[in-house]
Amino acid sequence: MSFFANGGTSVISSTSQTSTAEKDIEVADPPSDSISSLAFSSQADYMAVGSWDNSVRIYEVGAGGQTQGKAMYQHQGPVMDVCWNKEGNKIFSGGADNAGRMFDVTTGQATQVAQHDAPIKVVGWVDAPQGGILATGSWDKTIKYWDLRTPNPVATIQLPERCYTFDIQYPLMVVGTAERHVQIFNLTNPNTAYKTILSPLKWQTRVISCFSTSPINSGFAVGSVEGRVAIQYVEEKDAQNNFSFKCHRRDSSPNAKDQALVYAVNDISFHPVHGTFSTCGSDGTIHFWDKDARTRLKTFDAAPGPISTTAFNRNGSIFAYAVSYDWSKGHSGMTPGQPNKIMLHSCKDEEVRKRPTRK
């Protein structure tokens, strides 16, 4: 496994290998169809799960990893994304029914709070100083901002193409659309893109995730359908730190060593404390990485199906991942007996802590 930096190659040291001694814990009563999204509350170990079965489920995760279903609410089409507000008392979801919905944890009531002209692919909470705002990104080529006290969006942003992904680390928001456009927003001026670039990767953007630790707001990771991840900094002064690397690939035969089988990178999750990150793919594997030391920290045993989505909890002690069909092969790939489960991994410090950077 290699990182490619500025055209050159850095060899990745695999400092920690898979351990199956402590088994990951399976979440009880998972959704009945593919799992699209996972999100933990920032206040307690509650996890929201969105699914193609039109539902959002909320689970409580106990100290030993045991889970208990707490609530569920419905969309009128597959759920594409879920998120929480900062206070941890409201969950937001976007779906193929073109609707954004809010679930109030205290009252148990779900209400529609957003509307688009096409499916809502991604939702995110903007923790602005003057009050929280919901952002929704859609295949109708817009992002809309919603103040939950009013029924209409406070602003609508026209995107160059359909919104596939965005991530927010206030005041940074990075949006990935079809045709590989990447728009960077400073949310202190939320109506105009601060910068628009083409993805550094040559193939369709699957996921964008912002750095979670210092220097916060300095950059983001991009994952593509072609088994590759780019680390990209916002400002030109940091451009020498931009690089991309291959991952989620397999040899076509045991003796080939050709990495010819290429899989989509489905999700990238940054650790909230250490700033290291995970990648997961259609190949059923998960890796933990340190972008600064350019090192792979951990490889999980391959799962019996694609890994569709991942999330760390609020302090990074739990890593959740969904083993679920990701629709990367379309309808024909949805064969009977596909696994559909959520797993919880207890993170050891050595798996997620940064390595000393090489000079």
Side-chain angles (χ1 to χ4, degrees), residues 26-41 46-61 67-85 89-105 107-125 134-140 142 144 146 148 151 162-166 206-207 266-267 282 305-311 320-343:
E26 187 170 343
V27 171
D29 302 317
S32 58
D33 204 341
S34 291
I35 296 154
S36 63
S37 46
L38 303 170
F40 280 97
S41 164
Y46 285 87
M47 177 176 66
V49 178
S51 169
W52 285 69
D53 69 3
N54 302 2
S55 74
V56 177
R57 288 167 167 81
I58 298 98
Y59 300 88
E60 182 178 14
V61 183
T67 50
Q68 187 176 359
K70 285 295 189 181
M72 180 169 76
Y73 67 96
Q74 299 292 323
H75 277 251
Q76 290 168 356
V79 178
M80 311 303 275
D81 197 27
V82 292
C83 73
W84 294 75
N85 67 346
N89 58 10
K90 292 184 174 65
I91 296 161
F92 302 95
S93 50
D97 55 358
N98 307 355
R101 300 183 192 275
M102 175 180 77
F103 181 79
D104 188 316
V105 174
T107 66
Q109 297 298 307
T111 50
Q112 182 173 344
V113 293
Q115 179 72 39
H116 279 264
D117 296 329
I120 296 174
K121 180 61 174 66
V122 58
V123 293
W125 186 250
L134 175 67
T136 54
S138 169
W139 291 345
D140 67 8
T142 68
K144 294 183 180 183
W146 306 85
L148 302 175
R162 288 153 290 163
C163 182
Y164 284 167
T165 177
F166 68 54
R206 190 86 172 94
V207 59
N266 284 334
D267 208 354
S282 294
I307 310 294
S308 57
T309 181
T310 59
Y321 59 95
V323 184
S324 180
Y325 183 51
D326 57 4
W327 297 93
S328 58
K329 291 184 169 62
H331 187 265
S332 62
M334 188 57 176
T335 52
Q338 283 271 3
N340 202 66
K341 56 187 180 179
I342 306 160
M343 306 298 293

Heavy-atom closest contact ([X] atom, [Y] atom, distance):
X	Y	result
Asp326	Pro306	OD2-CB, 3.5 Å
Ser34	Ser51	O-OG, 3.0 Å
Ala96	Pro119	CA-CB, 3.7 Å
Leu134	Cys83	CD1-SG, 4.4 Å
Thr136	Ala114	CG2-CB, 4.0 Å
Phe40	Ala320	CE1-CB, 3.7 Å

Quick one: [atom1] on [X] to [atom2] on [Y], what's the gap to the nearest 0.5 Å?
X	Y	atom1	atom2	answer
Met47	Arg57	CE	CZ	11.5 Å
Ser138	Tyr164	OG	OH	12.0 Å
Leu38	Ile342	CG	CD1	5.5 Å
Asp33	Trp52	CG	CH2	8.0 Å
Phe92	Ile120	CZ	CD1	12.0 Å
Trp139	Met80	CH2	CE	4.0 Å

* What's the verdict on side chain to side chain contact (heavy atoms under 4.5 Å, CB included) for Phe103 and Val56, showing C-alpha distance, side-chain angles and the deciding distance? -> CA-CA 9 Å; Phe103 181 79; Val56 177; over 6 Å; no
* Single hit among Gln76, His75, Arg101 for side-chain contact (heavy atoms from CB on, under 4.5 Å) with Gln112 ->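 By the side-chain contact (heavy atoms from CB on, under 4.5 Å) criterion, Gln112 pairs with just one of Gln76, His75, Arg101: Arg101.
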Can a donor-acceptor pair be found, under 3.5 Å and without considering hydrogens, that links the side chain of [X] to the backbone of [Y]?
X	Y	value
Tyr59	Asp29	yes
Asp53	Ser32	yes
Asn266	Ile307	yes
Asp81	Val123	yes

* Asked: So do Val105 and Ile58 actually touch side chain to side chain, heavy atoms under 4.5 Å?
  -> no
* Are side-chain heavy atoms of Asn98 and Gln115 found at a separation under 4.5 Å? -> yes
* Asked: Are Ile35 and Val49 close enough, and set up right, to give a side chain to side chain contact (heavy atoms under 4.5 Å, CB included), and what steps lead you there?
  -> CA-CA 7 Å; Ile35 296 154; Val49 178; 3.8 Å; yes
* To do: For atom CG of Asn89, decide whether the heavy atoms of other residues, nucleotides or ligands shown that lie under 6.0 angstrom number more than 12.
  => yes
* Residues Thr309, Tyr321; criterion side chain to side chain contact (heavy atoms under 4.5 Å, CB included); working and verdict -> CA-CA 6 Å; Thr309 181; Tyr321 59 95; over 6 Å; no
* Asked: Does the side chain to side chain contact (heavy atoms under 4.5 Å, CB included) test come out yes or no for Ser93 and Val82, once each step is laid out?
  -> CA-CA 4 Å; Ser93 50; Val82 292; 4.0 Å; yes
* To do: Tell me, please, which residues at least two apart from Tyr46 pass ring-ring contact (aromatic ring centres under 6.0 Å, His included).
  => none
* What residues form a ring-ring contact (aromatic ring centres under 6.0 Å, His included) with Trp84, not counting sequence neighbours? ->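 Listed in chain order: nothing, the list is empty.
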